[in-house]
Amino acid sequence: MKPTITPLYLSLFLHIHTLLVPGQSPPIYSPVDDITIACGNSRQQPTNFDPRIWSGDINSKLSPIEAAGRGNTTSQSRKAPPSSSSASQVPYTTARLSYFEFTYKIPLSPSQKFIRLHFNPASYPDFDRSNSLFSVKAGGSFTFLKDFNASVTADMYGSETFMREFCVNIDLELFRVL
């Protein structure tokens with residue numbers, strides 16, 4: 001019986017080996033929903049560091065919904081102060097600033113999602129970076145950040161910009177990021 005089993009093992013080994021040839025990598029993960037929002041931007045823009053196009057949130061389907069009873073003036077879009085680093089590239093060139101809560105409604109298909117938040121904690125007139133605290137909640141049951149101060153984290157890393165990534169399982173078709 002050994003001669004009939006050995007070819008099976010050898011065949012399986014060769015099959016696996018041909019799938020994992022050195023120099024070839026498995027296909028890159030392609031998300032079902034690949035949504036990029038450039039907060040405070042009014043148009044679609046490419047980046048120099050990845051092939052994605054970033055969609056602005058001004059007058060678009062991804063425009064934020066302002067807090068009830070406050071009208072459409074609770075948040076402001078601003079250009080980021082000049083910078084010589086990665087902060088001079090999308091998505092770090094503009095920002096959405098607010099003293100009040102606002103919400104993004106994002107249509108998503110139910111599945112596991114990777115959420116990446118990009119930060120460029122710069123100071124703006126009337127918005128000092130060291131006093132800026134905010135929270136990020138999603139879907140009503142997820143709190144990604146609570147009373148977060150991005151400038152403290154950036155100073156700790158010694159970097160103007162940084163990212164935070166999260167992995168969540170979405171079972172709704174409309175995801176709200178507050």
Side-chain angles (χ1 to χ4, degrees), residues 31 33-108 113-168 170 172 174-178:
D33 302 307
D34 191 2
I35 298 170
T36 54
I37 303 172
C39 298
N41 203 325
S42 61
R43 58 193 169 113
Q44 292 190 337
Q45 286 188 283
T47 66
N48 293 335
F49 58 87
D50 69 24
R52 295 179 295 175
I53 302 294
W54 289 76
S55 299
D57 69 348
I58 297 175
N59 299 323
S60 78
K61 66 178 183 174
L62 298 172
S63 293
I65 299 166
E66 305 294 341
R70 302 217 182 260
N72 291 328
T73 60
T74 62
S75 69
Q76 305 168 21
S77 62
R78 301 264 182 96
K79 287 190 176 197
S83 175
S84 60
S85 71
S86 63
S88 63
Q89 299 177 29
V90 174
Y92 305 112
T93 55
T94 57
R96 178 153 305 280
L97 308 172
S98 180
Y99 288 110
F100 303 101
E101 184 177 287
F102 59 91
T103 303
Y104 286 98
K105 287 172 102 175
I106 303 169
L108 296 175
K113 304 294 179 203
F114 294 98
I115 297 174
R116 180 179 297 150
L117 304 174
H118 294 260
F119 298 96
N120 177 14
S123 286
Y124 297 86
D126 301 328
F127 287 92
D128 181 50
R129 72 190 291 270
S130 64
N131 296 327
S132 299
L133 293 176
F134 61 93
S135 298
V136 178
K137 302 175 188 174
S141 59
F142 301 106
T143 298
F144 297 124
L145 303 169
K146 183 170 176 63
D147 296 332
F148 185 69
N149 184 318
S151 68
V152 170
T153 304
D155 292 346
M156 179 188 71
Y157 288 141
S159 176
E160 283 186 272
T161 63
F162 66 96
M163 297 179 281
R164 284 284 181 258
E165 294 182 320
F166 305 91
C167 184
V168 294
I170 304 297
L172 309 168
L174 188 61
F175 196 62
R176 294 174 184 259
V177 179
L178 307 172

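Numbers here are sequence positions counted from 1.
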Closest non-hydrogen atom pair between [X] and [Y], with its separation:
X      : Y      : answer
Thr153 : Arg164 : CG2-NH2, 3.3 Å
Leu62  : Thr36  : CD1-O, 4.5 Å
Ile58  : Arg96  : CG1-NH2, 3.7 Å
Asp57  : Pro64  : O-CD, 3.5 Å

>> Does the plane of the ring in Phe144 sit parallel, tilted or perpendicular to the ring in Phe142? Use 30° and 60° as the thresholds.
In response: parallel

> In terms of the angle between their ring planes, are Trp54 and His118 parallel, tilted or perpendicular, with boundaries placed at 30° and 60°?
Replying inline: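 The arrangement is perpendicular - the two ring planes meet at more than 60°.
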
>> With side chain to side chain contact (heavy atoms under 4.5 Å, CB included) as the criterion, how do Ser98 and Phe134 come out once you've worked through the C-alpha distance, each side chain's angles and the decisive distance to 0.1 Å?
In response: CA-CA 10 Å; Ser98 180; Phe134 61 93; over 6 Å; no

> With a 4.5 Å heavy-atom cut-off, do Tyr124 and Gln76 have their side chains touching?
Replying inline: no

>> Could you tell me if the side chain of Arg52 sits less than 4.5 Å from the side chain of Val90, heavy atoms only?
In response: no

>> Within the supplied structure, the quantity of interest is the number of heavy atoms (other residues, nucleotides, ligands) at a distance under 6.0 Å from Arg43 CZ; does it exceed 12?
In response: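 No, not enclosed.
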
>> Looking at Asn59, I'd like to know if its CG atom is crowded, meaning that more than 12 non-hydrogen atoms belonging to other residues, nucleotides or ligands lie closer than 6.0 Å.
In response: no

> Is there a donor-acceptor contact under 3.5 Å from the side chain of Ser123 to the main chain of Arg129?
Replying inline: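 Answer holds: yes.
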
> Between Asp147 and Ser135, is a side chain to side chain contact (heavy atoms under 4.5 Å, CB included) present by the stated rule, with each step listed?
Replying inline: CA-CA 5 Å; Asp147 296 332; Ser135 298; 4.0 Å; yes

